[in-house]
**Student:** 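Mind looking over this structure? Questions follow.
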Amino acid sequence: MTLVPDPRPTLAAPDDDPYLWLEEIDGARALAWVEAQNAATHEILADGRFAADRDGLKAALDRPDKIPGVTRRGGLLYNLWQDAEHPRGLWRRTTLAAYRGGDPEWEVLLDLDALAREEAEDWVWAGAVSLPGSHDRALLKLSRGGGDATAIREFDIPSRGFVPDGFVLPEGKSYPAWLDRDTVLLSSPLGEGMATLSGYPRTVRLWARGGDPLAAPVLFEAPPESMAVYGAPDRDVVPERLVFVERTGFFDAVIHFGDRSGPTTRLDLPTDAEAQWHRGFLAVRPRTPWTVGPVTYAPDTVLGIGLDAFLAGERDFRVLFEPGPRRALQGFFWSGPFLVLSVLDDLRAVFPVFTPAEDWAASEVGGLPQLGMVSVWSLDGEEEETNGDLLAAANDPLTPATLMLTRPGPGAPAILRQAPAAFSSEGLVVTRHEAVSADGERIPYVQAGPPGETGEAPVHLSGYGGFQVSNLAGYSIVLGRLWLAKGGTRVVANIRGGGEFGTRWHEAGRREGKALSHDDFAAVAADLVRRGVTRPGRIAAEGGSNGGLLIANMLTRYPERFGALLCTIPLIDMRRYHRLLAGASWVAEYGDPDKPEDWDFLQRISAYHVAEPGRTYPPILIATTRRDDRVHPGHARKMAAKLQAMGYPARFYEPEAGGHSYGKNSAETASFAALCAAFLRRSIGWEPDVA
């Protein structure tokens with residue numbers, strides 16, 4: 001008897017979904033399906049080569065000479081260290097002088113592995129909020145399995161122990177901020193009716209020591225339809241000032257100043273403007289054209305003004321930065337007396353600096369590389385404690401990271417650490433190219449690998465294209481060991497929807513433009529063939545999260561351009577995405593499928609509905625994690641189930657832990673990555689001799 005392929009759900013009947021049961025994350029039937037899928041995937045891919053890749057990658061990720069990332073709090077540098085002996089991590093601290101010396105003695109504050117064993121919990125470190133000033137207390141954030149939701153527990157740093165009867169909060173997407181030693185400003189979704197439709201806080205509460213957090217007075221609230229609210233103190237001023245932010249959408253927010261009775265003053269700014277203030281000065285970046293009196297400021301312009309003057313109604317802004325067609329602001333922050341901007345000038349990193357107390361005098365962070373991935377941020381964790389000391393990091397696809405200490409000005413930065421090479425890059429080169437997309441736009445991409453065009457290069461192509469996130473080509477231990485070191489070629493595409501060229505680049509790939517973003521990626525694949533680098537059957541494409549949506553659309557829209565696809569922690573079902581976990585918060589990026597005019601364009605990128613029997617699709621592995629509480633694992637599960645029901649040999653993989661990532665520690669990350677690389681290499685017919 002021949003089985004008839006089941007095409008549901010379809011574009012004609014988008015709500016006839018036979019796989020809704022796979023949205024039950026821990027449902028017995030769903031878990032049985034997942035375990036069977038995992039076993040089948042392991043049976044095919046988990047051979048000796050996989051094991052060697054996994055073990056070698058884990059050892060590289062656990063190297064004792066890797067760079068310990070640090071944040072300064074109260075004059076000391078804090079670090080979370082993970083290695084083979086401490087896979088969950090040690091929370092520890094040292095002095096800046098010792099760190100600069102190269103081999104510091106670390107004071108261990110908390111052994112997370114010991115805590116997990118003692119409490120029989122799958123604890124993953126999610127950060128600490130220390131008490132500004134003294135920094136002798138901290139609110140630790142602990143995640144079960146790596147999800148976004150965390151449990152909050154008060155920790156006494158000098159005694160290295162949890163505070164008896166201290167501030168404790170059950171698991172949730174909560175954001176606590178110290179007001180003083182005995183008071184916390186709490187943004188939390190916990191409690192009846194306290195969560196937005198996206199699962200984030202809709203109230204800010206005043207939580208006093210010893211009090212029930214769920215009964216704490218509500219100072220500020222927003223309707224459930226808003227994305228989230230947050231509260232924080234502004235320690236720049238006396239008397240105390242509190243800040244209340246209602247994020248009405250992913251790209252819009254309303255900001256209020258107030259006190260412990262609630263908000264009192266709304267900042268007169270466009271909801272889509274980013275605003276940061278420090279030591280009496282305000283910097284503003286509008287996202288759309290902003291007309292103030294006779295002047296209209298373009299999107300991504302950075303404007304400066306005195307905060308008191310602004311609150312008094314003055315609008316005599318100083319223009320600090322104006323974007324160009326390929327000169328784009330990436331962000332800005334305050335550090336001590338400085339406002340530091342991060343700019344990409346045709347994908348080259350520059351960092352202009354302004355000193356408002358000196359009539360906004362201009363300088364820059366000097367002595368840094370411009371190519372590759374270059375980042376600058378404040379050494380201090382608390383903005384009010386910053387003094388202008390900056391950390392900078394630079395790397396590129398073939399050069400591991402260098403961590404530097406610097407300050408604004410022309411001087412050369414001091415090198416603090418250089419990461420060891422995780423793979424041999426001898427003979428490899430990095431080049432930049434541009435493809436032409438469906439509408440004629442030039443799409444940059446960076447290629448790393450052996451020089452020359454053989455027409456047969458095994459290519460790993462990745463992209464993202466969403467939420468104005470810039471996707472730059474940096475050093476990857478995973479792809480370096482599992483692809484480049486074996487003779488492969490790695491390509492990173494800068495498609496629209498990202499932030500590489502500012503808001504205009506993002507807007508072109510948002511909502512109705514999302515399909516155009518996907519066209520960009522397909523154009524890069526075609527350009528690699530046009531240039532003689534490879535052929536379609538040798539291109540393995542990978543993307544995660546919003547990039548998973550991209551890869552699912554390569555399957556249904558451009559299957560002829562790829563030899564294999566890896567779709568991880570993906571968004572795929574665009575009919576129901578806004579009803580699953582944090583999905584409602586992304587309507588500004590994608591559109592609202594409940595509105596017919598939005599579904600009209602969304603259905604074209606909903607691969608879950610577009611996929612149909614009788615098409616020729618390349619091999620695909622769809623992978624997620626069970627504890628991803630941001631993008632629902634149901635997306636990946638349902639897409640794999642539908643493809644299999646239509647007769648396609650789609651593979652599926654879902655480890656239990658990991659959150660919205662590929663693992664909570666080096667062992668899980670290495671296993672996930674090695675399995676995925678084995679699938680891609682095998683699917684494009686590439687079995688390199690190098691182990």
**Student:** Salt bridge check, Glu23 against Arg576: does any charged N sit closer than 4.0 Å to a carboxylate O?
**Tutor:** yes
**Student:** Test salt bridge (charged side-chain N to carboxylate O under 4.0 Å, His left out) on Lys141 and Asp148 and set out the steps.
**Tutor:** CA-CA 10 Å; Lys141 305 178 77 171; Asp148 290 348; over 6 Å; no
**Student:** Picking from Arg285, Arg327, Arg504, what satisfies salt bridge (charged side-chain N to carboxylate O under 4.0 Å, His left out) with Asp300?
**Tutor:** Arg285
**Student:** So with a 6.0 Å cut-off around CD of Glu43, is the heavy-atom count from everything else above 12?
**Tutor:** no
**Student:** Measure up the Trp290 and Tyr297 rings against each other and bin them: parallel (under 30°), tilted (30 to 60°), perpendicular (over 60°).
**Tutor:** tilted
**Student:** Strictly below 4.0 Å, N to O, side chains only: are Asp6 and Arg8 in salt-bridge contact?
**Tutor:** yes
**Student:** Ignoring hydrogens and angles, write down the donor-acceptor pairs under 3.5 Å from the side chains of residues 648-657, residues two or more places apart or on other chains.
**Tutor:**
| unit_1 | atom_1 | unit_2 | atom_2 | d |
| --- | --- | --- | --- | --- |
| Tyr648 | OH | Glu612 | O | 3.1 |
| Tyr648 | OH | Gly614 | N | 3.3 |
| Tyr648 | OH | Arg615 | N | 2.8 |
| Tyr648 | OH | Arg615 | O | 2.6 |
| Glu654 | OE1 | Arg637 | NE | 2.7 |
| Glu654 | OE1 | Arg637 | NH2 | 3.4 |
| Glu654 | OE2 | Arg626 | NE | 2.8 |
| Glu654 | OE2 | Arg637 | NH2 | 2.9 |

**Student:** Flag the pair Arg511 and Asp598 as a salt bridge only when some basic side-chain nitrogen lies within less than 4.0 angstrom of an acidic carboxylate oxygen.
**Tutor:** yes
**Student:** Could you verify whether a donor N or O on one side chain and an acceptor N or O on the other, from Gln37 and Gln644, lie under 3.5 Å apart?
**Tutor:** yes
**Student:** So Trp586 and Tyr590, would you call those rings parallel, tilted or perpendicular, with 30° and 60° as cut-offs?
**Tutor:** perpendicular
**Student:** Measuring only between side-chain heavy atoms, which start at C-beta, is Val491 closer than 4.5 Å to Val446?
**Tutor:** no
**Student:** Whether the side chain of Thr534 engages the backbone of Ala457 through a donor-acceptor N/O pair (distance < 3.5 Å, no angle test) should be reported.
**Tutor:** yes
**Student:** Is the shortest distance from a Lys or Arg side-chain nitrogen in Arg510 or Glu589 to a carboxylate oxygen in the other one below 4.0 Å?
**Tutor:** no
**Student:** Would you call Asp573 and Lys642 a salt bridge, using N to O less than 4.0 angstrom?
**Tutor:** no
**Student:** Just checking, is any N or O donor in the side chain of Arg496 or His506 under 3.5 Å from an acceptor N or O on the other one?
**Tutor:** no
**Student:** Salt-bridged, Asp122 to Lys664, with N to O below 4.0 Å?
**Tutor:** yes
**Student:** Side-chain contact test, heavy atoms from C-beta onward, threshold under 4.5 Å: evaluate it for Ser188 versus Tyr175 and give yes or no.
**Tutor:** no
**Student:** So, Arg432 and Asp346, do they make that salt bridge, N to O below 4.0 Å?
**Tutor:** yes
**Student:** State, with a plain yes or no, whether a side-chain heavy atom of Pro323 is found less than 4.5 Å away from one of Leu329.
**Tutor:** no
**Student:** Do NZ/NE/NH1/NH2 and the carboxylate oxygens of Arg247 and Asp252 come within less than 4.0 Å?
**Tutor:** no
**Student:** Going by an N to O cut-off under 4.0 Å, is there a salt bridge joining Asp53 and Arg681?
**Tutor:** yes
**Student:** Under 4.0 Å between a side-chain nitrogen and a carboxylate oxygen: does that hold for Asp594 and Arg579?
**Tutor:** yes
**Student:** Could you tell me whether the side chain of Arg287 reaches within less than 4.5 Å of the side chain of Pro299, counting heavy atoms only?
**Tutor:** no
**Student:** Going by an N to O cut-off under 4.0 Å, is there a salt bridge joining Asp26 and Arg627?
**Tutor:** yes
**Student:** Could you note down all residue pairs passing salt bridge (charged side-chain N to carboxylate O under 4.0 Å, His left out) where residues 454-469 supplies at least one of them, sequence neighbours left out?
**Tutor:** Glu456-Arg535, Glu456-Arg538
**Student:** Stepwise, does the salt bridge (charged side-chain N to carboxylate O under 4.0 Å, His left out) test hold for Glu24 with Arg29?
**Tutor:** CA-CA 9 Å; Glu24 299 174 16; Arg29 182 184 177 192; over 6 Å; no
